[in-house]
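Working notes, structure below.
All of these numbers come straight from a predicted model, not from anything done at the bench.
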Amino acid sequence: MKCQKCERPATFHITELTGGKPLELHLCEECARNYLTQSSEQPATATTMAAALAHQLAQQMVVGQTAEELAQLDQRACPVCGITFHDFRSQGRLGCPHDYIAFEAQLGPLLLNIHGENEHVGKIPKYHPQGSEKRTQLIRLRREMAAAVTEENYERAKELRDEIQRIESGTDS
């Protein structure tokens, strides 16, 4: 999606409620910064107060991050599923439960701002609480197997294939 004020990719999506109707803005980082600083200089109304809050949140995410630091951060990837931080920022979704560990420093403040908490206290599936661990292990093994095939290390790929089959058949003890 492109920025509504210029041709760069939109990385900030702002929704303002004005008169009970939502106004959606899709802006690049620079245009969002300009929009939010302009809004915070105007007299305080409900709309500008929301914009000021959004400005504070945006500042917390961007403070101290130069373009180089952001580029380096975007290259970081989860060792289990392989999703990069750039993929997360683009899609707004994580790839596996281990992403919370891989990107803990970046996700912690974001989750705290969004949810007011950074620890999950919800329900755990009753039918199989270890199911997510098993799926995560299978994802990791399949990635390793694909890498072994790419490197033409067929013996390692065969070992990984056999391990995946053991886990899927339930004989992984």
Side-chain angles (χ1 to χ4, degrees), residues 1-3 7-15 24-30 32-33 54 56-173:
M1 180 175 288
K2 290 186 179 181
C3 177
E7 292 297 312
R8 291 185 291 242
T11 55
F12 285 84
H13 307 282
I14 301 169
T15 304
E24 292 187 7
L25 296 170
H26 307 283
L27 305 171
C28 67
E29 184 176 346
E30 184 178 329
R33 188 177 294 124
Q56 289 175 346
L57 292 174
Q59 276 187 331
Q60 286 179 359
M61 290 176 61
V62 178
V63 166
Q65 286 189 340
T66 64
E68 290 175 8
E69 289 172 335
L70 190 57
Q72 287 177 350
L73 178 60
D74 280 349
Q75 297 304 314
R76 285 189 55 202
C78 173
V80 177
C81 69
I83 190 172
T84 63
F85 195 73
H86 179 265
D87 293 339
F88 163 68
R89 288 192 320 120
S90 300
Q91 300 167 2
R93 294 184 179 186
L94 296 171
C96 74
H98 290 280
D99 293 342
Y100 291 97
I101 297 167
F103 306 120
E104 184 176 10
Q106 293 76 33
L107 292 177
L110 182 64
L111 292 172
L112 193 59
N113 284 334
I114 294 171
H115 299 291
E117 295 286 333
N118 59 3
E119 186 175 325
H120 178 70
V121 292
K123 296 179 181 178
I124 296 173
K126 294 176 186 174
Y127 58 90
H128 201 322
Q130 278 99 16
S132 64
E133 290 178 22
K134 187 176 178 180
R135 282 190 300 267
T136 302
Q137 184 180 13
L138 287 170
I139 290 169
R140 181 184 55 78
L141 290 171
R142 286 186 181 116
R143 278 190 65 238
E144 286 181 27
M145 185 174 71
V149 169
T150 302
E151 297 168 1
E152 297 182 3
N153 186 352
Y154 299 115
E155 290 176 15
R156 177 70 179 143
K158 180 182 176 256
E159 292 171 4
L160 292 166
R161 182 201 62 200
D162 294 343
E163 188 173 348
I164 289 169
Q165 288 175 344
R166 273 194 307 277
I167 292 170
E168 288 178 336
S169 69
T171 59
D172 59 334
S173 42

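- In this structure, Q75 and T84 approach most closely via the heavy-atom pair O-CG2, 4.3 Å.
- When all heavy atoms are compared, the tightest approach of C96 to C78 is SG-SG, 3.8 Å.
- Of all heavy-atom pairs between L94 and F88, the closest is CD2-CD1, 3.4 Å.
- For CD of E155, the number of neighbouring non-hydrogen atoms (other residues, nucleotides, ligands) closer than 6.0 Å is 12 at most.
- Of all heavy-atom pairs between V80 and I139, the closest is O-CG2, 3.9 Å.
- E168 and R142 are joined by a salt bridge, as a carboxylate oxygen and a charged side-chain nitrogen come within less than 4.0 angstrom of each other.
- Interatomic distance, H98 NE2 to R140 CZ, rounded to the nearest 0.5 Å: 8.5 Å.
- Of the N and O atoms on the side chains of S90 and D87, not one donor lies less than 3.5 Å from an acceptor on the other residue.
- Using a cutoff of 4.0 Å between basic side-chain nitrogens and carboxylate oxygens, R156 and E151 are not scored as salt-bridged.
- Considering every non-hydrogen atom in both I83 and G95, the closest pair reads CD1-N, 3.7 Å.
- Here I164 contributes atom CD1 and E144 contributes atom CD; the two are 9.0 Å apart, rounded to the nearest 0.5 Å.
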request  = Would you sort out whether H13 and E24 count as a side-chain contact (heavy atoms from CB on, under 4.5 Å), showing the intermediate values?
outcome  = CA-CA 7 Å; H13 307 282; E24 292 187 7; over 6 Å; no
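- In this structure, CG in L160 is found 11.5 Å from CD in Q165, a value given to the nearest 0.5 Å.
- Of the inter-residue distances, the one linking K2 atom NZ with L27 atom CG reads 15.0 Å to the nearest 0.5 angstrom.
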query = Going through the distances and angles, do E30 and R8 end up as a side-chain contact (heavy atoms from CB on, under 4.5 Å)?
reply = CA-CA 10 Å; E30 184 178 329; R8 291 185 291 242; 3.4 Å; yes
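- Separation of atoms CD (E163) and NZ (K158) is listed at 13.0 Å; rounding is to 0.5 Å.
- The two residues C3 and C28 come nearest to each other via the heavy atoms SG-N, 3.3 Å.
- No donor-acceptor pair closer than 3.5 Å links the side chain of R143 to the backbone N or O of L138.
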